[in-house]
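The basis for the numbers below is simple: all heavy atoms, side chains too, and nothing from hydrogens, waters or symmetry mates.
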Amino acid sequence: MSSFTTKTPPPYLSRSNYHRRVNPPRSVISCVGESQQDSFTRRRTLTSVITLTAIGAAGAVATSSALAQEKWGTRSFIKEKYFQPGLSPEDAAARIKQTAEGLKDMREMLDHMSWRYVIFYIRLKQAYLSQDLTNAMSILPESRRNDYVQAANQLVSNMSELDFYVRTPKVYESYLYYEKTLKSIDDVVELLA
């Protein structure tokens, strides 16, 4: 007869041992010992590599003069947050001025509506700006401190509103509070000059 009349099993029935590769049995004791020894060796190697890399990086950071003149960004934030927590009032005033320049350069990110980067940048600057504003207040004379406190409070509230509207994201309000933030940080820088 033809091939249509032959009995073939339906495709949903599977053959249990058909083309199945059977691994030879291993000794349980030797397998466990080998994997523990291999993991111990790998762990020791990884630990030594990480340690040597950290020691080498610390030596390179200490000797690098280019890192000392790096603009304020993510790397310097981590460095200052964990390794240089207290800045002098003059350094705090300089960092506020550099933050003002950085906020002015943020316009392109807002124009491209790259909200994620804007949020990251705003939160990065907000993290240390309050401490810098407090430190920089000590170099001001008593007569200008009230104006400085009002300008600094206005700056902090405008930055928090900018953060809120960028998170939403509402384009018009983001631009509005961006401009208000620029104006208030310029007022703070003017009072520090």
Side-chain angles (χ1 to χ4, degrees), residues 53-54 56-193:
T53 305
V61 167
T63 59
S64 175
S65 64
L67 187 62
Q69 297 182 8
E70 179 183 356
K71 292 199 181 264
W72 304 111
T74 307
R75 291 182 184 158
S76 63
F77 169 73
I78 292 171
K79 182 174 120 183
E80 288 158 15
K81 175 78 173 170
Y82 297 108
F83 300 112
Q84 297 175 347
L87 289 178
S88 68
E90 293 81 16
D91 290 339
R95 188 160 64 171
I96 291 170
K97 291 174 187 173
Q98 288 177 345
T99 301
E101 294 171 7
L103 283 173
K104 289 175 185 172
D105 293 338
M106 196 176 70
R107 164 77 73 182
E108 186 176 340
M109 286 192 286
L110 276 174
D111 290 340
H112 288 287
M113 293 185 190
S114 45
W115 302 116
R116 182 176 179 189
Y117 300 108
V118 172
I119 289 172
F120 176 74
Y121 190 79
I122 292 170
R123 289 183 182 169
L124 178 72
K125 299 303 177 185
Q126 277 179 333
Y128 62 79
L129 194 61
S130 61
Q131 181 183 8
D132 285 346
L133 290 170
T134 306
N135 285 346
M137 187 172 65
S138 64
I139 61 173
L140 291 174
E142 287 291 328
S143 61
R144 293 184 1 194
R145 283 197 183 175
N146 289 335
D147 296 335
Y148 177 78
V149 167
Q150 289 175 355
N153 287 338
Q154 187 66 32
L155 171 63
V156 170
S157 66
N158 284 340
M159 283 189 81
S160 64
E161 289 293 321
L162 175 62
D163 180 51
F164 173 75
Y165 285 117
V166 166
R167 259 187 298 136
T168 310
K170 294 184 177 177
V171 178
Y172 176 75
E173 289 85 356
S174 298
Y175 277 109
L176 180 70
Y177 278 99
Y178 173 70
E179 293 298 328
K180 286 184 178 182
T181 302
L182 286 183
K183 184 182 180 315
S184 59
I185 201 165
D186 287 339
D187 293 342
V188 169
V189 168
E190 181 181 321
L191 287 169
L192 287 173

Answer yes or no: is there a side-chain heavy-atom contact under 4.5 Å between L133 and V156?
-> yes
Would you say T181 and I122 make side-chain contact, with heavy atoms under 4.5 Å?
-> no
Are more than 12 heavy atoms from other residues, nucleotides or ligands located less than 6.0 Å from atom CD of E190?
-> no
Measure the OH-OG distance between Y177 and S160 for me, rounded to the nearest 0.5 Å.
-> 9.0 Å
In sequence, state the C-alpha distance, the side-chain angles, and the governing distance for D187 and Q154, and then conclude on side-chain contact (heavy atoms from CB on, under 4.5 Å).
-> CA-CA 10 Å; D187 293 342; Q154 187 66 32; over 6 Å; no
Could you check if a side-chain atom of I96 sits within less than 4.5 angstrom of a side-chain atom of V189, using non-hydrogen atoms only?
-> yes
Would a distance-only check, ignoring hydrogens and angles, find a side-chain to backbone donor-acceptor pair under 3.5 Å from S138 to T134?
-> no
Quick one: CG on L129 to CG on L103, what's the gap to the nearest 0.5 Å?
-> 8.0 Å
Do K104 and D186 come close enough that some side-chain heavy atom pair is under 4.5 Å?
-> yes
How long is the gap from CG on N146 to CG on L140, to the nearest 0.5 Å?
-> 11.0 Å
Between atom CD of E179 and atom OH of Y175, what is the distance when rounded to the nearest 0.5 Å?
-> 9.5 Å
Less than 4.5 Å apart, any side-chain heavy atom of M159 and any of D163?
-> no
Take M106 and Y178 through the side-chain contact (heavy atoms from CB on, under 4.5 Å) test and state the conclusion after the steps.
-> CA-CA 9 Å; M106 196 176 70; Y178 173 70; 3.6 Å; yes
Y148 side chain reached by L192 side chain, heavy atoms, under 4.5 Å | yes
What heavy-atom pair brings I139 and A93 nearest, and what distance separates the two atoms?
-> CD1-CB, 4.2 Å
Evaluation steps, side-chain contact (heavy atoms from CB on, under 4.5 Å), between T99 and Y128 | CA-CA 10 Å; T99 301; Y128 62 79; 3.5 Å; yes
Do V171 and W115 have side-chain heavy atoms sitting under 4.5 Å apart?
-> yes
Starting at CG of L162, measure out to CZ of R167 and round the result to the nearest 0.5 Å.
-> 10.5 Å
With rounding to the nearest 0.5 Å, note down the distance linking CG in N153 to CD in Q150.
-> 8.0 Å
